[in-house]
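Below is one structure, written out as structure tokens, with a few remarks after it.
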Amino acid sequence: VGMLSWVTNFPELTDVTLADFAVWLKQRYPADALRRRYPFSFDDVAARAQGVRSPKEDYAAELRMDLGHYLRHRSGKYFQALKGFAEEFGVRDTLFAVNIHGTGGGRATPYPIGISQLYESFPGWKNFFAGSDHYLDELHTGNVQDLYVLNMLTDSVNSDDQPMTSLEFPAGSVDYGGNYQKRVDPSSIDFHIRMSIAQNARLINYYLFAGGWNWHLDPMVADGNGRIGITGERHGTASPINPEGKPWIGFDRLIRATQAVMVFKDKLAVMEEEHDDVELGFIPDYFMTEFRYPTSEKMATMISNLEEYRGVNAWDIIVKAMMLSGLRFTARDVQKRPLDPK
């Protein structure tokens, strides 16, 4: 949820959303402060639509921050509404899972953007927990720190009673296109599992465990595909169980890793990872960069500055050095849990 606005650079700016944005702003700022912040009235529907959808440079920086915080708030309201609908129709006394998106290209460096987008959609909420998507392909010297940081940052925004999980944990060969051009060694998935469990992962959801077939729609549609999914006819080609229902690459190794974990399930369920007295600071607002007005130089400059200094260099140098030197560290969301000045 929320990913499309990021990958398309199209935040939700419908008339209904802008009306709700106006209400949120009035609750956040006194009337005189809001007038100084924006050179138009949020009570004027036409001026509001023009001012937000095509912002001027003199308030572009303020709008980027306000809109980012508001859309976090709106996502939270949306999740609560979904939960309410589920409970209304009988889904009660259960946990609700929130999937955090963001890994890609074998790296986790964009992943904190997903956490930022969902920052008001699960942390501290009763009966909610969140988990990562986990597309890192094969771990190597260039990205081994990404899995460790991804898990740490996910856990840093959880409340004490929310478990660290992965809801979209690729369990297969990463041959997603079905063209046999890319595969990882089955031992890589085994290593991913063990490393995540060692970091206190309480749930790992294998995605996808089994492939399948997308059948033709009835009636057919003239979209060049005509099927219920965008992937064409055969999907899940990287899965441990292939679309034909047969064990595929990595199945045996995945089963072995799962069995090894289950042998110690009672101990792993209650264990806590031990840490040295060092933490990685995490500032979610530095990753609130999922969209910007295309012609705004001010927004582009701000986002470029954040992207340069917010983390990737630290991950690839400092974090990797700490890992390879044997330090056992975790992360802290310093926006909600300030560092001890002592």
Side-chain angles (χ1 to χ4, degrees), residues 1-18 49 53-54 67 71 74-75 78-79 81-82 85-86 89 97-111 113-114 117-118 121 131-138 143 166-184 186 188-189 192 205-251 254 289-295 303:
V1 176
M3 188 174 181
L4 289 180
S5 64
W6 168 14
V7 299
T8 62
N9 194 35
F10 263 87
E12 183 188 348
L13 299 177
T14 64
D15 291 342
V16 172
T17 303
L18 293 185
R53 292 171 183 160
S54 302
L67 197 56
L71 290 174
R74 183 168 174 79
S75 289
Y78 179 59
F79 277 51
L82 292 177
F85 291 145
F89 287 95
V98 177
N99 192 37
I100 305 172
H101 48 263
T103 56
R107 295 299 307 269
T109 47
Y111 179 77
I113 298 175
Q117 281 188 290
L118 300 172
S121 298
S132 62
D133 81 1
H134 218 109
Y135 296 98
L136 299 180
D137 297 346
E138 195 156 20
N143 73 348
S166 178
L167 296 176
E168 202 168 337
F169 190 101
S173 66
V174 312
D175 176 32
Y176 304 120
N179 52 18
Y180 308 110
Q181 290 184 344
K182 185 176 184 180
R183 291 182 183 175
V184 299
S188 178
I189 303 303
H192 275 72
N205 178 50
Y206 296 148
Y207 182 88
L208 292 165
F209 184 74
W213 296 76
N214 291 322
W215 302 106
H216 281 294
L217 290 167
D218 185 18
M220 288 284 289
V221 293
D223 65 349
N225 176 16
R227 300 179 185 273
I228 63 172
I230 63 173
T231 54
E233 183 178 51
R234 192 170 179 264
H235 71 86
T237 54
S239 305
I241 300 292
N242 71 13
E244 288 71 40
K246 304 293 185 182
W248 193 235
I249 300 165
F251 174 80
L254 182 68
T289 56
E290 64 270 27
F291 50 79
R292 66 173 180 264
Y293 187 56
T295 63
I303 291 175

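For reference, positions follow the sequence shown, starting with 1. Keep in mind that the numbers below use all heavy atoms, side chains included, and drop hydrogens, waters and symmetry copies. Remember, it's a predicted structure, so these values are computed and weren't measured experimentally.
- Among residue pairs with one or both ends in residues 233-248, those qualifying as salt bridge (Lys or Arg N to Asp or Glu O under 4.0 Å) are R227-E233, R234-E244; sequence neighbours excluded.
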*Please test Y207 against Y135 for side-chain contact (heavy atoms from CB on, under 4.5 Å), starting from the C-alpha separation and ending with a verdict.*
CA-CA 10 Å; Y207 182 88; Y135 296 98; 3.0 Å; yes
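- Summarising the geometry of P11 relative to L71, their closest heavy-atom pair is CB-CD1, 3.9 Å, with the distance given to 0.1 Å.
- In this structure, H192 and L136 approach most closely via the heavy-atom pair NE2-CB, 4.0 Å.
- Every residue meeting the side chain to side chain donor-acceptor pair (under 3.5 Å) condition with T14, not counting sequence neighbours, appears here in chain and number order: T17.
- Residues S132 and H101 form no side-chain contact, since every pair of their non-hydrogen atoms from C-beta on lies 4.5 Å or further apart.
- Atom OG in S239 sits 11.0 Å away from atom CD1 in I249 (nearest 0.5 Å).
- S121 is linked by a side-chain contact (heavy atoms from CB on, under 4.5 Å) to S75, F79, L118, counting only residues two or more places apart in sequence or in another chain.
- Atom CZ of F10 sits about 12.0 Å away from atom CG of L4, to the nearest 0.5 Å.
- Side-chain atoms of N242 never come within 3.5 Å of backbone atoms of P247 as a donor-acceptor pair (strictly under, hydrogens ignored).
- In this structure T289 satisfies the side-chain contact (heavy atoms from CB on, under 4.5 Å) test together with R64, I113, I303, L306, R310, sequence neighbours excluded.
- Separating the CG atom in L217 from the CG atom in N225 is a distance of 8.0 Å, to the nearest 0.5 Å.
- Among residue pairs with one or both ends in residues 166-184, those qualifying as salt bridge (Lys or Arg N to Asp or Glu O under 4.0 Å) are D137-K182; sequence neighbours excluded.
- Checking side-chain atoms of W248 against main-chain N and O of A238 turns up no donor-acceptor pair under 3.5 Å.
- I241 meets the side-chain contact (heavy atoms from CB on, under 4.5 Å) test with F209, A210, F251; sequence neighbours excluded.
- Within the structure, the salt bridge (Lys or Arg N to Asp or Glu O under 4.0 Å) test picks out the following pairs touching residues 7-18 (sequence neighbours left out): E12-R74, D15-R53.
- Considering only residues two or more places apart in sequence or on other chains, P110 meets the side-chain contact (heavy atoms from CB on, under 4.5 Å) condition with W6.
- Qualifying side chain to side chain donor-acceptor pair (under 3.5 Å) partners for Y206, counting only residues two or more places apart in sequence or in other chains: T258.
- Within the model, atoms OG of S173 and CD1 of I189 stand 8.5 Å from one another, a figure rounded to the nearest 0.5 Å.
- The ring-ring contact (aromatic ring centres under 6.0 Å, His included) check on F169 picks up H134, with sequence neighbours excluded.
- With sequence neighbours left out, the side chain to side chain donor-acceptor pair (under 3.5 Å) criterion links D133 to T103.
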*asked:* Using side-chain contact (heavy atoms from CB on, under 4.5 Å), reason through H235 and L208 one step at a time and then give a plain yes or no.
replied: CA-CA 10 Å; H235 71 86; L208 292 165; 4.2 Å; yes
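- Here the closest heavy-atom approach between residue N9 and residue P294 is recorded as ND2-CG, 4.1 Å.
- You'll find the side chain of F291 reaches within 4.5 Å of the side chain of L67, heavy atoms only.
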